[in-house]
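Down below is the structure, laid out as structure tokens.
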Amino acid sequence: MELRAKVSAALKQAMKDKAADRLSTLRLINAAIKDKDIAARAEGNEDGVGDVEVLAILGKMSKQRMESARAYEEGGRLDLAESERDEIKVIEEFLPQQLSDEEAEQAVAEAVAEVGADSIRDMGKVMAVLKSRYTGQMDFGTVGPKVKARLS
């Protein structure tokens, strides 16, 4: 089942269960996907966004909430930080399992070998391969320095 259908099914179930917090988060996910669909249609893509783009949306939403939770903790608003963490849990239900550090290192090594990268100039090619295969499974903010170190 594609991600969009999973989100819709979860939304319907949350309505039936009367789970207000979960329902709110699922509606936010649905709205973000629809926003991207509208933007894609404006660019000529009538089908809207695919699963890869939906994964990117979910990853971005999760990252935003992590940053918000950190900011709330620093500000002493633990109740709001907990609310953000609850939203992260709902969002992460739809994300694939994150790669471990060892698996990420292996993926970087495979991408470098596939592209034939030998200098820092090839970093963009390596990152493109990683993003096409592992969107939602790894944090590219932490993988970037690993790629850079391997190519230096």
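Only this structure's heavy atoms are used, side chains among them; waters, hydrogens and symmetry mates stay out.
To the nearest 0.5 angstrom, Met15 atom CE is 9.0 Å from Leu26 atom CG. Here the CG atom belonging to Leu3 is positioned 10.5 Å from the OG atom belonging to Ser8, to the nearest 0.5 angstrom. Arg65 contributes atom CZ, which lies 7.0 Å from atom OG1 of Thr25 (distance to the nearest 0.5 angstrom). For the atom pair Leu11 CG and Ser24 OG, the distance stands at 10.5 Å (nearest 0.5 Å). Taken to the nearest 0.5 Å, the OH atom of Tyr134 stands 13.0 Å off from the CE atom of Met127.
Of the possible donor and acceptor atoms, none in the side chain of Ser62 sits under 3.5 Å from a partner among the backbone N and O of Gly59.
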Audit row: Gln97, Glu92, side-chain contact (heavy atoms from CB on, under 4.5 Å) steps and yes/no: CA-CA 9 Å; Gln97 187 66 32; Glu92 287 181 344; over 6 Å; no
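Residues that satisfy the salt bridge (Lys or Arg N to Asp or Glu O under 4.0 Å) test with Lys131, not counting sequence neighbours, are absent from this structure. Under the side-chain contact (heavy atoms from CB on, under 4.5 Å) criterion, Lys63 pairs with Glu67, Asp139, not counting sequence neighbours. Under the side-chain contact (heavy atoms from CB on, under 4.5 Å) criterion, Ala40 pairs with Asn45, Val49, not counting sequence neighbours. By the salt bridge (Lys or Arg N to Asp or Glu O under 4.0 Å) test, Asp21 is found to be paired with no residue, residues two or more places apart in sequence or in another chain being considered. In this structure Asp101 satisfies the salt bridge (Lys or Arg N to Asp or Glu O under 4.0 Å) test together with Lys146, sequence neighbours excluded. Residues that satisfy the side-chain contact (heavy atoms from CB on, under 4.5 Å) test with Leu80, not counting sequence neighbours, are Tyr72, Arg77. For Ser152, the side chain to side chain donor-acceptor pair (under 3.5 Å) criterion is met by no residue, not counting sequence neighbours. Among residues two or more places apart in sequence or in another chain, the side chain to side chain donor-acceptor pair (under 3.5 Å) test is passed with Glu43 by none. For the side chain to side chain donor-acceptor pair (under 3.5 Å) test, residues two or more places apart in sequence or in another chain that qualify with Gln13 are Asp17.
Looking at Glu87 and Leu28, their side chains come closer than 4.5 Å, going by heavy atoms from C-beta outward. At least one side-chain heavy atom of Glu82 sits under 4.5 Å from a side-chain heavy atom of Asp86. Side-chain contact check for Leu151 versus Ser119: every heavy-atom pair is 4.5 Å or farther apart.
The minimum heavy-atom distance linking Glu84 with Ala69 is given by the pair CB-CB, 3.9 Å. Scanning both residues, Ile91 and Ile29, for their nearest heavy atoms gives CG1-CD1, 3.9 Å. Of all the heavy atoms in Gly144 and Met123, the pair that sits closest is O-CE, 3.3 Å. Across Ala32 and Ile57, no two heavy atoms sit closer than the pair CB-CG2, 3.7 Å.
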Under 3.5 Å, which donor-acceptor pairs link side chains of residues 105-118 to any protein atom two or more places apart or in another chain?
unit_1: Gln106; atom_1: NE2; unit_2: Glu110; atom_2: OE2; d: 3.1
unit_1: Glu114; atom_1: OE1; unit_2: Arg133; atom_2: NH1; d: 3.0
unit_1: Glu114; atom_1: OE1; unit_2: Arg133; atom_2: NH2; d: 2.2
unit_1: Glu114; atom_1: OE2; unit_2: Arg133; atom_2: NH2; d: 3.0

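The side-chain hydrogen bond (donor to acceptor under 3.5 Å, both in side chains) contacts involving residues 28-41 comprise Arg4-Asp37, where partners must be two or more places apart or lie in separate chains.
Hydrophobic clustering (side-chain heavy atoms under 4.5 Å, transitive across Ile, Leu, Val, Met, Phe, Trp, Tyr) groups Ile120 together with Val147. Val52 and Val126 are not part of a single hydrophobic cluster, where members link through side-chain heavy atoms under 4.5 Å apart.
Using a 4.5 Å cut-off between side-chain heavy atoms of Ile, Leu, Val, Met, Phe, Trp and Tyr, Met66 falls into a hydrophobic cluster with Ile88.
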